[in-house]
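Shown next, in structure tokens, is the structure this report addresses.
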Amino acid sequence: MSLLRKINRGLLILLVLVAFALLYNKYSVLKKDGAKMGMEDEKELDTDIPVVICASEERIGASMATINSVYSNSPASVFFYIVTLRDAIKKIREYIEKTKLRKIRYKILEFNPMVLKGKVNPDSSRPELLHPLNFVRFYLPLLAIENHERIVYLDDDVIVQGDIQELYDMKLKAGHAAAFASDCDLPDTHEMVRSVGMQTTYMGFLDYRKEEVRELGINPSDCSFNPGVFVADIGEWKKQKITKQLEKWMAKNVRENLYSSAVAGGVATPPMLIVFHDKYTTIDPLWHVRHLGWSPDARYPRSFLKDAHLLHWNGRFKPWDYPCVHLDLWEKWFIPDPTGTFTLVRP
């Protein structure tokens with residue numbers, strides 16, 4: 001009888017261990033079989049500038065244009081962490097290896113969308129904003145990004161015209177885990193975009209009818225920021241448990257709908273606005289000239305765009321679709337898909 005009890009106890013312990021292993025695999029941010037090196041003989045170095053960019057299968061050409069612009073305009077050693085879902089890994093590698101991008105140093109990381117289970121409401125008026133890769137920025141310290149104290153994160157609708165080293169080297173204030181471009185710093189040329197409903201304050205992102213939002217004590221007229229381009233201090237991010245804070249607000253929104261029905265829509269920006277309110281360093285405005293995709297009619301002076309270090313087509317009107325403004329500034333860096341799958345929409 002004693003022997004039988006020992007066997008049963010051993011089986012129980014084994015079952016518990018197996019259950020924990022399965023849960024770890026399910027909720028791990030990265031799926032290990034997707035975290036493969038692009039150039040197998042390359043390793044990340046302490047001196048590299050790490051750039052994180054997401055590449056979805058349907059927008060793969062956009063990500064490659066962003067990567068090309070960064071690589072072409074910086075003499076520094078840049079290491080690209082390309083985060084994607086399983087279905088796009090093979091296509092990304094082929095896109096790179098069959099074009100001029102084969103010279104870049106990179107690693108492909110597979111993001112596990114199961115980490116978002118129960119944390120996102122499927123009720124956005126813009127379904128593309130619910131794509132799992134939109135939330136990769138929440139999990140930066142968990143992406144197996146080695147040897148780097150800070151990283152640069154870029155959305156895939158960005159073109160970098162300056163040297164990324166300059167952005168990477170910016171000084172973050174003590175205690176700040178990230179640097180963003182404040183909407184308080186928008187140049188005068190953005191007034192034309194404000195006239196078509198651009199959101200620049202917290203009122204445009206949070207539902208101030210909800211008591212929990214009001215209890216935050218954030219003035220609804222406070223200037224917002226755009227999390228599509230930022231520099232992150234990984235050490236401070238971990239110390240302040242930023243990821244856990246972001247997940248807390250995601251969970252609250254699922255229960256109480258604090259921001260998904262707000263004017264600006266989307267569910268990835270509001271948690272960052274809450275967590276980083278008054279706790280971020282501001283980026284030079286020329287390093288994030290945005291809202292180029294907000295309207296197909298609002299154009300910017302060519303002289304202003306020429307001086308900009310980074311252009312961002314955030315909004316509905318993307319430069320690989322039509323209509324959109326300043327298409328030539330994006331197409332300059334576009335590399336045709338060697339498989340012919342990703343094509344531009346033109347009149």
*Is the shortest distance from a Lys or Arg side-chain nitrogen in Arg105 or Asp48 to a carboxylate oxygen in the other one below 4.0 Å?*
yes
*Considering residues at least two apart in sequence or located in another chain, which fulfil the side chain to side chain contact (heavy atoms under 4.5 Å, CB included) criterion with Glu215?*
Glu211
*If you measure from the Lys or Arg side-chain nitrogens to the Asp or Glu carboxylate oxygens, is any gap between Glu256 and Lys210 under 4.0 Å?*
no
_For Thr84 against Ala55, the heavy-atom pair lying closest together_ = OG1-O, 2.5 Å
N/O donor-acceptor pairs under 3.5 Å from side chains in residues 274-283, not counting sequence neighbours:
residue	atom	partner	partner atom	Å
His277	NE2	Asp222	OD2	2.8
Thr281	OG1	Lys173	N	2.9
Thr281	OG1	His176	ND1	2.8

*asked:* Which residue is it: Asp157, Asp155, Asn314, Asp183? I am looking for the one with a side-chain hydrogen bond (donor to acceptor under 3.5 Å, both in side chains) to Arg290.
replied: Asp183
*asked:* Contact between Leu154 and Leu310 at the side-chain level, heavy atoms closer than 4.5 Å - yes or no?
replied: yes
*Around atom OH of Tyr208, are there more than 12 heavy atoms of other residues, nucleotides or ligands at under 6.0 Å?*
yes
*Mind checking whether Phe180 and Phe230 have parallel, tilted or perpendicular rings, split at 30° and 60°?*
tilted
*asked:* Ring centres under 6.0 Å, that's the criterion: do Phe205 and Tyr202 meet it?
replied: no
*Would you say Glu149 has more than 12 foreign heavy atoms packed within less than 6.0 Å of its CD?*
no
Table please: side-chain donor-acceptor pairs of residues 328-336 below 3.5 Å, with sequence neighbours left out.
residue	atom	partner	partner atom	Å
Asp328	OD1	Arg302	NH1	3.4
Asp328	OD2	Arg302	NH2	2.8
Glu331	OE2	Arg346	NE	2.7
Glu331	OE2	Arg346	NH2	2.8

*For salt bridge (charged side-chain N to carboxylate O under 4.0 Å, His left out), just list the numbers for Glu97 and Arg102, CA-CA rounded to whole Å, side-chain angles, deciding distance to a tenth of an Å, and then say yes or no.*
CA-CA 5 Å; Glu97 298 301 336; Arg102 60 184 171 273; over 6 Å; no
